[in-house]
Amino acid sequence: MLQAIWVRTLSGMDYSQIVQSLVDQQILTDADVTSLKVAEYTHLADLFETLVTQGKVSDEKWAETVATVYGLPFIAEIETVERELLEKVPSSLAFKRMALPLRKENGSVIVAVIDPEPEQIYEDVRILTGGRVRVVIAPENVLLQAIQKNYGATVERLAADLGGEDEEKDSDSQELEIDHDIGDLREAAGEPTVVNLVNLIIFEAVRDRASDIHIEPFENEMKLRYRLDGILVEQPPPPKHLRLAITSRIKIMAGMNIAERFIPQDGHIKLSVEGRSIDLRVSCCPTVFGESVVMRILDKGSLVVDVEQLGMSKEDQKKFDDVISRPHGIFLVTGPTGSGKTTTLYTGLTRIFSPKLKIITVEDPVEYQLPGICQIQVNQKRGLNFADGLRSIVRQDPDVIMVGEIRDKETAEIAIRAALTGHLVFSTLHTNSAAGAIPRLTDMGVDPFLVSSSVNGILAQRLVRKICSECREKYEPTGEEKVLARWQHIDDVECYRGAGCEKCGGSGYRGRVGVFEFIVVTDPIREIILEKPSASRIAKVSKVTTFREDGWIKVKSGITTIEEVLRVSEED
């Protein structure tokens, strides 16, 4: 039992009771409590920020614990709300206070909140509804969805509510931004309206299955874009006058230095959305008109570890299983950033996982945690790079090694030596084709003999958007599409496209699938590698199925469109 730390707030509540309850439920450890410094917290919202926003405690467990300690009712879901109360309490107030009036009961108004402390909640709702206020505690994600559902609240609507006269207060002066007091920025970032706007931006992006969130400042506006199925889609922008507050809020959540605005920074946010564990990799980069923020969304619930769902043909699946089942050698996955290389490697590791195998990875960053597999996070600031991590891995007696990326000669040579000494090595390269991986390694300075002796297979991939299953329809390809595609017998094939519906947001596409080039390194290929051949010669000898040919198979199957295959592939 922890020693009680008595902290009295204006409400008379002792926060150590909440923390102790979380410890009793085995949600927090004694070490967590020691690092918390409970005595320094003077508001429940600050403790919520530390424990829930950073992912240490789930929304639901926090709400249950707060309700128990405060002696208030807890509700796990919100089904019905009285329309009369919604008409009296505006959406801007509901979002600002994170409070939703539910119903009238015995002369009182029942209001769902996540934080019962702020007295202004009681005063505002009492004045607007004319009734005494009684609160119930609800999880944040449940309350946020209920407010959005009942008020029709979106980023667009909330941004519009926050715009208006405050836009006039904005200044284009660079000097004004430089001179902003850090305390003022921190205070602005903590404003309920800014907090709720950032939360809603993240919530909508996760709900829409976005992979990235882009918040970009320009001279006369601020842009918000989501990357949906690989394509950037513009969203209603936040008010320009809130750009510093929004950026500062995200930097605080990501553990960045809000005082530093002229060098790039990286951070990480861990949170729960709709009961799903979400990680955000945050990058902040200075531009002419302010800091550009990009958040990569890593949804652990969406990780595909089934080779069939990747979109491989039966022939490629056989090659894949053959290469990853070998006792030693290197398996390379190539492609541009965001083409799904890491997902493919994770799929391979999951497919061969066995308690009999020691599997270790070194990644930058560790995108998803795989059970039973030791994963090492590269940390350049502390001197841990891929080469150093790989050296350490070899001394850990592994059977299988995954290197997040081969970036230089040193890492490549260590990986190859590991493969030649009885280890199975998985890694990635940035090349435009499977055949291009061999010249890339030799260009790094790796001896062709070492490449020939160690590489077992090379998989190159791209992602194409899948036709939405809800609005898929047959259509006749245009003459231009037929000319560009140059596929034989195209007139004899039924082609499909998405008409656009609510499910796919009008795009006609929903989800993505891979198109692949797969080269299994055979003896004839090993012989010509010694001659330092070009990529085109390797492709010719291997008779590889190209992206366009694999894409054509998916067009004939009604999975994707001609337009999508042409977008990601070059002419054969």
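- Residues Leu459 and Gln461 form a side-chain contact, since some pair of their non-hydrogen atoms from C-beta on lies under 4.5 Å apart.
- Residues Asp124 and Arg97 are paired through a salt bridge, judged by an N-O separation under 4.0 Å between the basic side chain and the carboxylate.
- When atom types are taken as modelled, the side chain of Tyr368 and the backbone of Thr343 share no donor-acceptor pair closer than 3.5 angstrom.
- Between the side chain of His430 and the backbone N or O of Gly335, at least one donor-acceptor pair lies under 3.5 Å.
- The main-chain N or O of Phe289 is never found under 3.5 Å from a side-chain atom of Glu219 such that the two would form a donor-acceptor pair.
- Between Ile137 and Ile114 the shortest side-chain heavy-atom distance does not fall below 4.5 Å.
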| said: Please determine whether side chain to side chain contact (heavy atoms under 4.5 Å, CB included) holds for the pair Leu224 and Ile213, giving the CA-CA distance in whole Å, both sets of side-chain angles, and the decisive distance to 0.1 Å. | reply: CA-CA 7 Å; Leu224 172 65; Ile213 303 170; 3.9 Å; yes

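- Formation of a donor-acceptor pair under 3.5 Å by the Tyr346 side chain with backbone atoms of Lys341 is not found in this model.
- In summary, Arg391 and Asp388 engage in a salt bridge, as defined by a charged side-chain N under 4.0 Å from a carboxylate O.
- The two residues Ala112 and Ala138 make their nearest non-hydrogen contact at CB-CB, 4.4 Å.
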| said: Run Leu28 and Val57 through side chain to side chain contact (heavy atoms under 4.5 Å, CB included) and show every step you take. | reply: CA-CA 8 Å; Leu28 295 180; Val57 180; 4.1 Å; yes

| task | Tell me, with the steps shown, if Ile278 and Leu298 meet side chain to side chain contact (heavy atoms under 4.5 Å, CB included). | result | CA-CA 6 Å; Ile278 304 293; Leu298 303 174; over 6 Å; no

| query | Yes or no on side-chain hydrogen bond (donor to acceptor under 3.5 Å, both in side chains) for Gln25 and Ser21, after CA distance, side-chain angles and deciding distance? | reply | CA-CA 6 Å; Gln25 297 174 66; Ser21 177; 3.2 Å; yes

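- Checked against a 6.0 Å centroid threshold, the rings of Phe426 and Phe331 count as neighbours.
- Using a 4.0 Å cut-off between a side-chain N of Lys or Arg and a carboxylate O of Asp or Glu, Asp208 and Arg227 do not qualify as a salt bridge.
- Using a 4.0 Å cut-off between charged side-chain N and carboxylate O, Asp212 and Arg296 make a salt bridge.
- Side-chain atoms of Glu564 come within 3.5 Å of backbone N or O of Arg465 as a donor-acceptor pair.
- Counting only distance, with no hydrogens or angles, the side chain of Thr247 and the backbone of Leu244 share no donor-acceptor pair below 3.5 Å.
- With respect to the salt-bridge test (charged N to carboxylate O, under 4.0 angstrom), the residues Glu367 and Arg281 qualify.
- Side-chain contact check for Asp364 versus Phe386: some heavy-atom pair is nearer than 4.5 Å.
- Between the side chain of His423 and the main chain of Ala418, a donor-acceptor pair closer than 3.5 Å is present.
- Between the Thr287 side chain and the Ser292 main chain, no donor and acceptor come within less than 3.5 Å of each other.
- In summary, Glu291 and Lys251 engage in a salt bridge, as defined by a charged side-chain N under 4.0 Å from a carboxylate O.
- Annotation: side chain of Glu260 is in contact with side chain of Gln265 (closest heavy-atom distance under 4.5 Å).
- Not one N or O on the side chain of Asp443 forms a donor-acceptor pair closer than 3.5 Å with the backbone of Arg440.
- Remark: the Glu363 side chain and the Gln377 side chain contain no N/O donor-acceptor pair separated by less than 3.5 Å.
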